[in-house]
Undergrad: 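Can you read through this structure? Questions will come right after.
Ligands are counted one by one from 1 in listed order, and the atoms in each one are counted from 1 as well.
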Amino acid sequence: MSKQTVFDKVNALEGLCSSSCQFLWDNPEVGGTEEKSANYMRKLLKDAGFTIVNEEKLPHAFYAEFGSGRPVIAILGEYDALPGLSQKVCPVREPVKDGAPGHGCGHNLLGSASVTAAIAMKQVMEQEKLPGTIRFYGCPEEELLCGKVKMAYYHMFDGCDCAIAWHPASSNMVVDQCYLASAYARFYFTGISSHAAFAPELGRSAMDAVELMNVGTNYLREHVISSARIHYSSDNCGFPPNIVPSKANAWYCVRAPKMSDVKSILDRIEKVARGAAMMTETEVEVKVEYGCCEMRPAHKFADVTHRVMTETPMPQYTAEELAFVKSMQDSLKPGAAEKDRASYGVAADAVLHDGVCARDLWKQVPNSASSDSGDVSYMMPMTSFTVANLPFGVAPHTWQSTALTGSSVGAKAALYAARVIAGVAYTLLTEPETTGAILKEFRDAHVEYTPMYTE
Ligand SMILES: [Zn+2]
């Protein structure tokens with residue numbers, strides 16, 4: 001069987017792929033509430049002959065398995081939406097429902113393409129009697145950066161050899177190393193309440209401690225690596241100003257290029273918090289909620305993905321579809337597309353990326369987001385790529401992005417992604433020496449991993 005036959009199997013599932021994109025888009029569920037989306041995906045896979053494996057503690061997470069023996073290939077899928085991004089498929093801001101969620105990050109395409117590729121690969125494996133195992137991973141709560149961390153904590157990825165991930169974006173590109181590692185921590189301060197005017201000397205303010213902690217952290221900023229980011233919000237637990245507050249909390253998020261940097265910065269912030277508690281004679285309790293790792297490179301795996309991307313037929317858009325994409329770009333402020341065009345080295349009037357980026361172009365495209373897929377790359381070699389469904393200048397997490405992920409442009413981009421995933425999986429199943437080299441590169445790196453999550 002040639003790769004073209006694999007692509008044909010995927011193309012024959014175009015109806016399944018586009019109705020799945022549409023169903024998820026029509027039923028947007030934010031992280032933690034993905035019941036309909038997860039059940040829809042479970043049904044598609046069960047009907048196609050996969051065995052569904054659930055985890056009792058995580059109702060919206062699962063994996064669906066077909067085949068036996070190695071390699072065990074994980075295809076990652078997501079399906080959560082974003083709050084407040086409801087939007088019709090039209091070039092002006094017009095929600096389907098005011099204040100409702102919407103698929104502004106394109107996870108409707110992400111989940112659907114991955115399911116389509118998994119089902120197509122089952123057909124290919126049956127036809128060719130290929131040994132090996134395909135697993136589709138239904139991963140909830142990606143937007144909260146914790147779904148895959150929790151799945152790792154509950155050992156749902158045990159037994160996998162390698163993973164394939166993708167994301168809708170404004171280019172067709174292999175991504176070798178990206179995402180900032182991040183972690184969330186809460187600092188609970190406890191003091192002593194008192195009348196703020198009558199007996200302030202008897203009070204010990206937890207809010208003072210929070211304020212001093214934030215001031216201390218702002219001084220710390222100068223002495224951490226410049227690529228780190230520290231964000232916080234504070235909560236006075238509802239105390240009015242005429243009572244010395246006995247409770248107050250700070251909620252922190254730290255990001256940095258590597259998890260080791262995140263951990264060391266968090267340790268230093270904890271010292272600042274303990275100093276603030278000492279200054280104010282309050283107590284502090286620290287709870288690191290969860291964190292997700294940066295994406296580790298898997299160079300040999302990325303080589304394969306890049307090769308497959310260049311072999312895979314690109315989506316063909318109609319003049320009407322391209323005019324719609326252009327109208328979305330035109331809805332931006334003048335000049336908004338220039339930064340993207342410069343990063344990808346395309347023409348000054350380019351609208352939608354229509355080629356495949358050079359193998360190492362990812363190095364010159366700034367990426368300051370985080371994803372819990374990073375944790376998967378710490379457990380096994382993982383490849384990741386992006387597919388263009390957004391015109392240059394349109395960022396994810398915008399109403400324009402929701403409109404595009406609900407359009408036929410999004411569905412065609414998803415089908416291209418499914419062809420690439422299936423092509424990569426087919427290579428892994430039929431070229432044992434290539435797969436062996438990918439696994440060896442990961443083994444030789446001696447990566448250690450513990451999920452940063454507490455129940
Ligand atoms: Zn996303």
Undergrad: Dump the intermediate steps for side chain to side chain donor-acceptor pair (under 3.5 Å) on S408 and E321, then the final yes or no.
TA: CA-CA 7 Å; S408 56; E321 285 168 334; 2.6 Å; yes
Undergrad: Enumerate the residue pairs fulfilling side-chain hydrogen bond (donor to acceptor under 3.5 Å, both in side chains) with a member in residues 45-55, sequence neighbours excluded, ordered by first and then second residue.
TA: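 The answer is R42-N54, K43-D47.
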Undergrad: Should the pair F62 and F136 be assigned to parallel (<30°), tilted (30 to 60°) or perpendicular (>60°) ring geometry?
TA: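 Answer is tilted, since the angle falls between 30° and 60°.
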Undergrad: Using side chain to side chain donor-acceptor pair (under 3.5 Å) as the criterion, list what pairs up with S370, not counting sequence neighbours.
TA: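 With neighbours one apart ignored, the set is R255.
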Undergrad: Which class fits the ring pair Y153 and Y453: parallel under 30°, tilted 30 to 60°, perpendicular over 60°?
TA: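 The arrangement is perpendicular - the two ring planes meet at more than 60°.
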Undergrad: Please collect all ring pair (Phe, Tyr, Trp, His ring centres under 6.0 Å) contacts where either partner lies in residues 71-107, sequence neighbours excluded, each pair once.
TA: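 Checked against ring pair (Phe, Tyr, Trp, His ring centres under 6.0 Å) - neighbours excluded - the pairs reaching residues 71-107 are H107-H167.
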Undergrad: Listing by chain and number, what protein N/O/S atoms are under 2.8 Å from the Zn ion (ligand 1)?
TA: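 Correct list: C105 SG, H107 NE2, H167 NE2.
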